[in-house]
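Single-structure report; data block below.
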Amino acid sequence: MNNEKSALARSYKSPWTLRVYETLPGNPISIGIAFALVLFTLFFVGRVFVDGTGNATPDEFRVAITQILMTAFSASAYAYLLVTARKTTQDLAPVARNLPDWQAIVDRAGKHPWWILLLVGALSFLLIGVGVTNATTPEPVNPWRWQTWNHDVFWHRATTVLFVWWIGCFCYVIVVESARLSRLSSEIESLDLLNMRPYRPLIRQGLTNGLLVIGMVSVLSLLAVESRYLPVLLGFWVAFITLAWIGMMLPLRGIRKRIRVAREQELDWCRQNLMISRDALKSGVREDQSISEIMAYRTMIESVKNWPFDSSTVVRFTLYLLIPFGSWLGGAFVERGLDFILS
C-alpha cells in the first residue's frame, strides 16, 4: 500500500508547460505576449519568403491570426492557472496549516499526473480539434490532405493541435484544482464568522478562473466574423460560460458548507442562551442587558451569507461575461474597417 502511494505521489509533477514558463524571465502574461510575437514573426516570415500570399484567401489569413492568438493565450492561461492555484493554497496557510496532511497538500498544489494530462490533451484534439476542423471545412475539400495546404492552412492545423491540447488540459486543471481547494476549505475546523478575510484567496481564485475562461471565449469570438464558425462557436460559448461559473463557485463550495454549519451552531447557541436569559428574567433576575446583547449578536450572525462574497463580486463576474461580446464586436469593426481601406 505504501509503495502504491509513493508511486502515485511521484506521478504528480509540474506540467511541462509550467516548467518551461518558470525557466523564462517574466510572468506568464509577459511570456505569453512574447510567445505571440514569436509566432507572428514566424508566420509572416514564412508567408512572405516561403509560401507567398497568392494562393491564400482572406478568411484563411484571419483564422490563422486568431489561432495564433489562441495558441499563445491558452498556453499562458494554463501556466497562470497552475501558478495561482499553488499560490492560493499557500495563502490559506493561516487557517489550514494545522491540518494533518497540510505539507502534502502544499507540495501537490499545481501538480498533476503527467499521463492524465497527456490523455486529456490527446482526447481533446481527437474529439474537438478534429471534429471542429471537419465541421468548418467546406466540402469536398479534405482538411487532412496535407499536399493541398497552403501556408495559412498549415498554420491552422499546427496551431489547432497546440491550443486544443492546452485548452483541454486547462479545463481539466481548473475543475480538479477548484475541487481540491473546496475539499481543503471544508476540512478547516475553526471558522470565525466575523472575520472572513483569511478566505479571500478562494474568492480571488474563483474570479481568476472565471476571467481566464472568459478570456479564452473572447479570443475564440474573433472567429465569429467567419459565418462557418458560428454554429461551433455557439456550443463553445455555452460550454465555456458554464465552465467559468463552475470555476467561480467550485472553490467556494467547501467554505460555504463550513459557513452554513458554523451559522447553525452560533444560532443554536443564541437560541439556548436566549431561553436561559428569558427564564432568568421571569424569575426576577435582571437579564435585560444579556438579552439585548444576545439579540444583537444573533442579528450579526444572521447577516452572514453562506457564500463568502458580496454583491461587487457578482457584478464583477457579470461584467466578465460581457467581454466576449466586446471582442466579437471589436473584431467585426476591424474587419469592416480593413475591407473599407483595402477596397
Side-chain angles (χ1 to χ4, degrees), residues 15 17-18 28-29 32 66-67 69-86 88 109-110 112 116-117 119-129 131-132 135 160 162-183 185 201-224 229-256 307 309 313-328:
T17 303
L18 179 59
I29 297 176
T66 301
Q67 294 197 180
L69 290 173
M70 194 65 219
T71 300
F73 184 88
S74 60
S76 301
Y78 178 42
Y80 189 74
L81 173 64
L82 293 165
V83 171
T84 57
R86 187 165 55 194
T88 299
H112 299 271
I116 291 183
L117 296 176
L119 181 62
V120 169
L123 288 177
S124 298
F125 172 71
L126 292 176
L127 297 178
I128 299 176
V132 171
T160 296
L162 294 174
F163 80 77
V164 172
W165 189 291
W166 274 315
I167 288 177
C169 293
F170 171 86
C171 294
Y172 167 80
V173 168
I174 203 172
V175 173
V176 171
E177 290 291 343
S178 297
R180 183 184 56 79
L181 288 172
S182 176
R183 290 192 301 270
S185 59
L202 294 171
I203 302 175
R204 185 182 64 232
Q205 184 64 45
L207 287 173
T208 299
N209 292 345
L211 183 60
L212 291 176
V213 174
I214 296 302
M216 287 192 178
V217 179
S218 301
V219 179
L220 285 173
S221 296
L222 296 174
L223 292 173
Y229 281 94
L230 279 176
V232 175
L233 285 177
L234 290 175
F236 276 126
W237 285 335
V238 173
F240 276 113
I241 289 176
T242 302
L243 180 64
W245 179 254
I246 293 173
M248 170 67 189
M249 305 305 287
L250 185 55
L252 303 172
R253 186 170 177 266
I255 195 61
R256 175 178 178 268
W307 291 102
F309 52 73
T313 303
V314 178
V315 172
R316 186 182 304 179
F317 181 78
T318 304
L319 292 176
Y320 287 170
L321 298 179
L322 299 178
I323 296 176
F325 176 75
S327 174
W328 167 78

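Starting from 1, each residue takes its place in the sequence as its number.
Between Ile128 and Val164, the shortest heavy-atom contact is CB-CG1, 4.3 Å. Taking all atoms of both residues into account, the shortest heavy-atom contact from Phe73 to Leu212 is CE2-O, 3.7 Å. Here the closest heavy-atom approach between residue Leu82 and residue Pro15 is recorded as CD1-CG, 3.6 Å. Heavy atoms only, all atoms of each residue included: Trp166 and Tyr78 are closest at CD1-CD2, 3.6 Å. When every heavy atom of Ser182 is checked against every heavy atom of Gly254, the shortest pair comes out as OG-N, 2.9 Å. Considering all non-hydrogen atoms of both residues, Pro251 and Ser185 come closest at O-OG, 4.1 Å.
In this structure the side chain of Leu18 reaches within 4.5 angstrom of the side chain of Arg86, judged on heavy atoms. Put simply, the side chain of Leu234 does not reach to within 4.5 Å of the side chain of Leu230, judged on heavy atoms. Side-chain contact between Ile203 and Leu252: present, with at least one pair of heavy atoms (C-beta onward) separated by less than 4.5 Å. Contact check for Val175 versus Leu243: side-chain heavy atoms found under the 4.5 Å cut-off. A heavy-atom distance below 4.5 Å is found between the side chains of Gln205 and Leu81. Within the 4.5 Å cutoff, no side-chain heavy atoms of Phe236 are placed close to those of Ser221. Looking at heavy atoms from C-beta onward, Met70 lies in side-chain contact with Ile167 at the 4.5 angstrom threshold.
Atoms CH2 and CD1, on Trp237 and Ile214 in that order, are 12.0 Å from each other to the nearest 0.5 Å. Of the inter-residue distances, the one linking Ile255 atom CD1 with Leu181 atom CG reads 11.5 Å to the nearest 0.5 angstrom. Atom CG of Leu162 and atom CZ of Phe125 lie 10.0 Å apart (nearest 0.5 Å).
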Working for side-chain contact (heavy atoms from CB on, under 4.5 Å), residues Leu220 and Leu233: CA-CA 8 Å; Leu220 285 173; Leu233 285 177; 4.2 Å; yes

Test side-chain contact (heavy atoms from CB on, under 4.5 Å) applied to Val173 and Leu117, step by step: CA-CA 9 Å; Val173 168; Leu117 296 176; 4.2 Å; yes

Verdict with reasoning, Gln67 to Leu222, per side-chain contact (heavy atoms from CB on, under 4.5 Å): CA-CA 10 Å; Gln67 294 197 180; Leu222 296 174; over 6 Å; no

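Around CZ of Phe240, the count of heavy atoms belonging to other residues, nucleotides or ligands within 6.0 Å exceeds 12. Within a 6.0 Å radius of CZ in Arg253, other residues, nucleotides and ligands contribute 12 heavy atoms or fewer.
In this structure, Arg183 has no salt bridge (Lys or Arg N to Asp or Glu O under 4.0 Å) partners at least two apart in sequence or on a different chain.
Every pair passing side-chain hydrogen bond (donor to acceptor under 3.5 Å, both in side chains) that includes a residue from residues 168-178 is listed here, sequence neighbours excluded: His112-Glu177, Glu177-Arg180, Ser178-Asn209.
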